[in-house]
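The structure under discussion appears below in the form of structure tokens.
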2 protein chains.
Amino acid sequence: MTRLVPRLDAEESAAWLALVSLLELLPSALDSQLQRDSELTHFEFAVLSYLRFSPDQTQRMSALAVGTNATLPRLSHVVTRLERRGLVERTPCPEDRRATNAQLTDAGRRELVRATPGHIAFVRRVVIDSLDREQLGQLAAIATAITGTLDPEGRFAALPG
Amino acid sequence: MTRLVPRLDAEESAAWLALVSLLELLPSALDSQLQRDSELTHFEFAVLSYLRFSPDQTQRMSALAVGTNATLPRLSHVVTRLERRGLVERTPCPEDRRATNAQLTDAGRRELVRATPGHIAFVRRVVIDSLDREQLGQLAAIATAITGTLDPEGRFAALPG
DNA sequence: CCAACATGGTTGTCGATGCAACTATTCCCG
DNA sequence: CGGGAATAGTTGCATCGACAACCATGTTGG
């Protein structure tokens, strides 16, 4: 049988292995930092941040899910926990009674404001400062190309608005 | 109070947001493909692959943990599951009686051989083919720089040998 | 030589996530 | 209109991973 899928050559394989290590190490590093300093996971931080920059600090669950690259069940569970902690509030959406709005509370905003500087410092130290300006642009292009292939319709990773 | 940690500027922020999306989307895509086609998680696949290219298809648990960027408890749980499925065997290490060797079984090797082409095809389609040759090198350099900052001693991501 | 400490690994528990099943609304079309 | 399909979201269950506690073996300094 013919080999339909050629092995990865040396360069391909080097890039892939380096990326795999990154995928394994960076998320846990982000979670550790946020957990240690603010008792938030990186995903929870993303949810709160997304709300913060949304009109009226509010979004529909489904829009929030898309904006944070999450599935709706996952988001629902996370919002439940955040709600228990008083950082977020659910309110039924008046225009569509199937829908639910999630809104950042004042306490949530304060938590986020407290957590953000340390998190940015960490991102800067680990990611930004490890690269030069040129690499920063390359990284954006590379990551965008790959996520574009994963999500051709571009449903995810929209900015709040 | 002075702002000790400057915000991210437009380029920094674009790179960071693109990377965050990648960190969210790519791992679940890898897991989905492997789970669907081979009932393996990406991490299990990595463990089996690492063993496959180790002398005598064997490694000590701690070396395997380092090689796969995992903590020892996590690895131990995963090896337990793989062992239950007959893909891996644990044997006490004769030289150091605290240590445990994990060895790929014949069944494990067969499973891996069956799973690999589809996985490589997926990696090629999603990652490699989304980039040109130049970007491949850039990706390796960027990922290596970031993981290097996360893990200055370079303990992780060693190749089997 | 043995008491403390270090190393290698496992286990228990708990929090987090995916998936499937379910409810409730809304949309669409004959 | 009325009924079926689509959409929005929640919930239950099973699995996976982190963390801490633990056991066993090895190492080392007094």
Side chains of B/T149 and A/S130: is there a donor and an acceptor less than 3.5 Å apart?
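Yes, because at least one side-chain N or O of B/T149 sits under 3.5 Å from a partner of the opposite role on A/S130.
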Distance only, no hydrogens: is a donor on one side chain within 3.5 Å (strictly under) of an acceptor on the other, for A/S21 and B/N69?
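Yes - a donor-acceptor pair under 3.5 Å links their side chains.
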Between B/E83 and B/R90, is there a donor-acceptor pair closer than 3.5 Å when you use the side chain of the first and the backbone of the second?
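Indeed, once roles are kept as given, a pair shorter than 3.5 Å links the two residues.
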Answer yes or no: is there a donor N or O on one side and an acceptor on the other, between the side chain of A/D31 and the main chain of A/H42, under 3.5 Å?
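The answer is yes, because a donor-acceptor pair under 3.5 Å joins these two groups.
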With the side chain of [X] defined as its heavy atoms from C-beta on, choose the nearest nucleotide among [options].
| X | options | value |
| --- | --- | --- |
| A/E44 | C/dG8, C/dA16, C/dT10 | C/dA16 |
| A/T41 | D/dA8, C/dT10, C/dA16 | C/dA16 |
| A/D96 | C/dG8, C/dA16, D/dA8 | D/dA8 |

Rounding to an integer number of Å, can you tell me how far [X] [atom1] sits from [N] [atom2]?
| X | N | atom1 | atom2 | result |
| --- | --- | --- | --- | --- |
| A/H42 | C/dA16 | NE2 | P | 16 Å |
| A/Q35 | D/dG17 | CD | C1' | 13 Å |
| A/L25 | D/dG17 | CG | C1' | 15 Å |
| A/D31 | C/dA16 | CG | P | 10 Å |
| A/R60 | C/dT25 | CZ | P | 15 Å |
| A/N69 | C/dT17 | CG | P | 14 Å |
| B/E39 | D/dC16 | CD | C1' | 16 Å |
| B/N101 | C/dG8 | CG | C1' | 12 Å |

I'd like to know if B/R124 and A/E12 make a salt bridge, using a cut-off of under 4.0 Å between side-chain N and carboxylate O.
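A salt bridge is present here (some side-chain N lies under 4.0 Å from a carboxylate O).
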Between B/D37 and B/R114, is there a salt bridge with N-O shorter than 4.0 Å?
no
For DNA chain D, which residues in residues 72-89 of chain B have a heavy atom at a distance below 4.0 Å?
B/P73, B/R74, B/H77, B/V78, B/R81
Does B/R97 contact D/dT25 through a side-chain donor or acceptor facing the base, at a distance under 3.5 Å?
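No pair found.
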Earlier contact from the 5' end, DNA chain D, for A/R90 and A/S32:
A/R90
Looking at B/Q35, I'd like to know if its CD atom is crowded, meaning that more than 12 non-hydrogen atoms belonging to other residues, nucleotides or ligands lie closer than 6.0 Å.
yes
Does a side-chain N or O from A/T71 land closer than 4.0 Å to OP1 or OP2 of C/dC19, or not?
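Result: no.
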